[in-house]
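Structure, as structure tokens:
Predicted model only: the values in this text are computed from it and were never measured. Nothing fancy with the numbering, it's 1 onward along the sequence.
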Amino acid sequence: MGYYSSGKSTFIKLFTGLYYPDKGNIYIDSIRIDKTKYSTYRNLFSVIYTDFHLFDKFYGVKDIDAKKVNYWLRKMKMQDKVEYCDGGFTQTSLSTGQRKRLAFIAAMLEDKPILVMDEFAADQDPQFRKYFYENKLPELKNMGKTVVAVTHDDHYFHIADRLLKMEEGGIVEFQQY
């Protein structure tokens, strides 16, 4: 029996504009997003891919508010491990889960309307994972953020407003809560 991936990560890369579609179209409010509008489309998203890279400085973010950085360091339970100094983090040599938390903070500082996280919680310890799904995701929703969380974590599917299931490159199930 062969192994087939479901296509979630590829879908996310198409959805966020990292890949341009070979066929089909993307529309926002009935407006087709062609190649001339693609950079504007990409700017809607802050993304944490599974193969993310974390920089020690915040690139592309203007006027960084140290209070916001410190707020998110506390909310992501990183205030005892990392500080904000000179436009970046004082420490990035951390576990994968902790580095993803810093990537999350960098994404929040971008302040884009859509936050996409590909298997963000997979590398978190069980206590933080529960805290993240039950506390941080509702906070993001209350902030007006659209959150797309790719996950296998079925214990927290009930947190979602909508749930899409993918198999072999296609959406096979849709639920709205």
Please check: side-chain N/O of [X] versus main-chain N/O of [Y], any donor-acceptor pairing under 3.5 Å?
{"X": "Thr146", "Y": "Ile114", "answer": "no"}
{"X": "Gln91", "Y": "Val82", "answer": "no"}
{"X": "Arg162", "Y": "Gln176", "answer": "no"}
{"X": "Asp34", "Y": "Lys37", "answer": "yes"}

Partners passing side chain to side chain donor-acceptor pair (under 3.5 Å) against [X] (at least two apart in sequence or in another chain):
{"X": "His152", "value": "Lys8, Glu119"}
{"X": "Ser95", "value": "Gln98"}
{"X": "Asp86", "value": "none"}
{"X": "Lys81", "value": "none"}

For residues 48-55, dump all side-chain donor-acceptor pairs below 3.5 Å to protein atoms at least two apart in sequence or in another chain.
residue	atom	partner	partner atom	Å
Tyr49	OH	Thr16	OG1	2.8

Notebook entry, point to check: Which residue pairs satisfy the side chain to side chain donor-acceptor pair (under 3.5 Å) criterion with at least one member in residues 67-79, sequence neighbours excluded?
Noted result: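 Listed once each, the pairs are Tyr71-Glu139.
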Consider only side-chain heavy atoms of I, L, V, M, F, W and Y, link residues closer than 4.5 Å, and tell whether [X] and [Y] are in one cluster.
{"X": "Val147", "Y": "Leu164", "value": "no"}
{"X": "Ile64", "Y": "Leu115", "value": "yes"}
{"X": "Phe174", "Y": "Phe157", "value": "no"}

Margin query: Checking Ile105 against Tyr84 for the side-chain contact (heavy atoms from CB on, under 4.5 Å) test, could you report, in this order, the C-alpha distance in whole Å, the side-chain angles of both residues, the deciding distance, and whether it holds?
Written below: CA-CA 11 Å; Ile105 293 168; Tyr84 170 70; over 6 Å; no
Shortest non-hydrogen contact from [X] to [Y]?
{"X": "Ser46", "Y": "Ala107", "answer": "OG-O, 3.2 Å"}
{"X": "Leu18", "Y": "Arg42", "answer": "N-NE, 4.4 Å"}
{"X": "Cys85", "Y": "Thr90", "answer": "CB-CG2, 3.7 Å"}

By salt bridge (Lys or Arg N to Asp or Glu O under 4.0 Å) - contacts of [X] (at least two apart):
{"X": "Glu83", "value": "none"}
{"X": "Lys141", "value": "Asp161"}
{"X": "Arg129", "value": "Asp153"}

Counting C-beta onward and ignoring hydrogens, is there a side-chain heavy-atom pair between [X] and [Y] closer than 4.5 Å?
{"X": "Ile33", "Y": "Tyr27", "answer": "no"}
{"X": "Lys130", "Y": "Gln124", "answer": "no"}
{"X": "Leu137", "Y": "Met117", "answer": "yes"}

Item checked: Candidate pair Leu94 and Met78, rule side-chain contact (heavy atoms from CB on, under 4.5 Å), full reasoning -> CA-CA 11 Å; Leu94 302 160; Met78 294 297 293; 3.8 Å; yes
I need the [X] [atom1] to [Y] [atom2] distance, nearest 0.5 Å.
{"X": "Ile12", "Y": "Asp118", "atom1": "CD1", "atom2": "CG", "result": "6.0 Å"}
{"X": "Thr151", "Y": "Leu163", "atom1": "OG1", "atom2": "CG", "result": "10.0 Å"}
{"X": "Ile31", "Y": "Ile26", "atom1": "CD1", "atom2": "CD1", "result": "14.0 Å"}
{"X": "Ile28", "Y": "Leu44", "atom1": "CD1", "atom2": "CG", "result": "5.0 Å"}

Checklist line | Qualifying residues under ring pair (Phe, Tyr, Trp, His ring centres under 6.0 Å), relative to Tyr38, sequence neighbours excluded | finding: Tyr20, Tyr41
Checklist line | Leu140 and Met108: CA distance, side-chain angles, deciding distance, side-chain contact (heavy atoms from CB on, under 4.5 Å) verdict | finding: CA-CA 10 Å; Leu140 295 173; Met108 292 308 298; 3.4 Å; yes
Check: Going through the distances and angles, do Asp125 and Lys100 end up as a salt bridge (charged side-chain N to carboxylate O under 4.0 Å, His left out)?
Finding: CA-CA 12 Å; Asp125 62 71; Lys100 279 189 175 181; over 6 Å; no
Item checked: Criterion side-chain contact (heavy atoms from CB on, under 4.5 Å) on Leu102 and Leu73, from CA distance to verdict -> CA-CA 8 Å; Leu102 296 183; Leu73 282 170; 4.0 Å; yes
Item checked: Summary of ring pair (Phe, Tyr, Trp, His ring centres under 6.0 Å) pairs that have at least one residue in residues 123-146, sequence neighbours excluded -> Phe104-Phe132, Phe120-Phe132, Phe128-Tyr131, Tyr133-Tyr156
Margin query: According to salt bridge (Lys or Arg N to Asp or Glu O under 4.0 Å), does anything in residues 102-115 pair up with another residue at least two apart or in another chain? List the pairs.
Written below: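 Found Asp111-Lys145.
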